[in-house]
K.L.:
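Have a look at this one before I ask anything.
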Amino acid sequence: MSKAPIIRFRGTLAMTRQLSFQDEYEFITRFEEMRKLYQQSLLTQPESEHRGFWHRKYHRTFDKLESYMDFLLRNYDDVVDRIQYLGVIKDLVQGLMNQLDPTRFQYERRICIMLHDSIHKTKAENVSNAQAEVWADVIQVLIRGECNRENWLKLSRQQRINGLSWIIGDDE
C-alpha cells in the first residue's frame with residue numbers, strides 16, 4: 001500500500017491536507033517566516049527563563065503572578081492595594097488551577113489549591129508581611145515547576161507555621 005506524499009515539490013502545485021501553496025517559492029518563503037517567528041519567540045526570554053514545557057505553556061500567567069506578587073510586597077502598607085493584588089493573584093491561581101489536568105499535573109494543582117484556599121480564607125487586611133512572603137515562596141515553587149509531594153508538604157507546613165490555613169473547615 002503506497003501513501004501519497006504530503007507535499008509535492010516537483011509539480012506546479014504543492015499541497016498539504018490543510019494548506020495549498022501556489023509554488024515551491026511561496027512554500028519556502030512561508031517556511032522561513034515561520035522559522036524566524038519561532039526563533040524570535042525563543043529569544044524573547046533570557047536563557048535563564050527557559051524552564052521547559054511547563055513554563056512555556058503558562059508563562060503569561062506566571063509573569064502576571066510574579067508582577068502582582070512584587071506589587072503586593074512593595075506596596076504592602078497600602079491596605080486597599082493589598083486587597084486588590086491578593087484578589088487578582090487568587091483569580092490567576094484559580095484560572096491556572098482550572099486549566100491543569102488533575103492526572104498529569106497532580107502536585108501543581110494541589111499547590112494551586114493550597115495557595116488559592118489560603119488566600120481565600122485569610123482577610124487581606126490582617127495579612128502580615130511574613131505571610132505574604134510565604135505566598136511569594138509558594139508562587140516561586142509553582143513557577144519553577146518544582147511541584148512534587150515533598151515540596152507540597154513543605155509549603156503546607158510553612159503556611160501552617162505562619163498562621164495560614166488552607167484546609168476548608170479548619171477554623172483558625
K.L.:
Any chance you could lay out the side-chain contact (heavy atoms from CB on, under 4.5 Å) test for Val141 and Trp152, step after step, and finish with the verdict?
P.N.:
CA-CA 9 Å; Val141 168; Trp152 176 66; over 6 Å; no

K.L.:
Quick one: pull up CD1 in Ile139 and CE in Met69 and give me the separation to the nearest 0.5 Å.
P.N.:
3.5 Å

K.L.:
Measuring only between side-chain heavy atoms, which start at C-beta, is Val93 closer than 4.5 Å to Ile119?
P.N.:
no

K.L.:
Show the nearest heavy-atom pair for residues Gln159 and Val134, with the distance to one decimal.
P.N.:
CG-CG1, 3.6 Å

K.L.:
About how many Å separate CE of Met97 and CD1 of Ile111, when rounded to the nearest 0.5 Å?
P.N.:
13.0 Å

K.L.:
With sequence neighbours left out, which residue pairs that include part of residues 86-102 fulfil the side chain to side chain donor-acceptor pair (under 3.5 Å) condition?
P.N.:
Lys90-His120, Asp101-Thr103

K.L.:
Restricting to side chain to side chain donor-acceptor pair (under 3.5 Å), what partner residues turn up for Gln158, sequence neighbours left out?
P.N.:
Asp137

K.L.:
Name the atoms and distances for all side-chain donor-acceptor pairs under 3.5 Å in residues 126-133, with sequence neighbours left out.
P.N.:
| residue | atom | partner | partner atom | Å |
| --- | --- | --- | --- | --- |
| Ser128 | OG | Gln131 | N | 3.2 |
| Gln131 | OE1 | Ser128 | N | 2.9 |
| Gln131 | NE2 | Asn162 | O | 2.9 |

K.L.:
With a 4.5 Å heavy-atom cut-off, do Asn151 and Tyr107 have their side chains touching?
P.N.:
no

K.L.:
Do the side chain of Thr122 and the main chain of Ser118 share a donor and acceptor less than 3.5 angstrom apart?
P.N.:
yes

K.L.:
Could you measure the distance from the CG atom of Leu155 to the CE atom of Met114? Nearest 0.5 Å is fine.
P.N.:
4.5 Å

K.L.:
Heavy atoms, side chains only, cut-off 4.5 Å: are Tyr68 and Leu86 in contact?
P.N.:
no

K.L.:
With a 4.5 Å heavy-atom cut-off, do Leu100 and Tyr58 have their side chains touching?
P.N.:
yes

K.L.:
Who pairs with Glu125 by side chain to side chain contact (heavy atoms under 4.5 Å, CB included), at least two apart in sequence or on another chain?
P.N.:
Val79, Ile83, Lys123

K.L.:
Output every pair passing side chain to side chain donor-acceptor pair (under 3.5 Å) with a member in residues 74-86, not counting sequence neighbours, ordered by first then second residue.
P.N.:
Asp70-Arg74

K.L.:
Within this structure, what is the CD1-CD distance for the pair Ile89 and Glu66, rounded to the nearest 0.5 Å?
P.N.:
11.0 Å

K.L.:
Under the salt bridge (charged side-chain N to carboxylate O under 4.0 Å, His left out) rule, collect the residues that match up with Glu32, sequence neighbours excluded.
P.N.:
Arg35

K.L.:
Rounded to the nearest 0.5 Å, what's the gap from CH2 on Trp135 to CG on Leu65? Could you check?
P.N.:
13.5 Å

K.L.:
For the atom pair CG (Leu153) and CZ (Arg110), what is the distance rounded to the nearest 0.5 Å?
P.N.:
8.5 Å

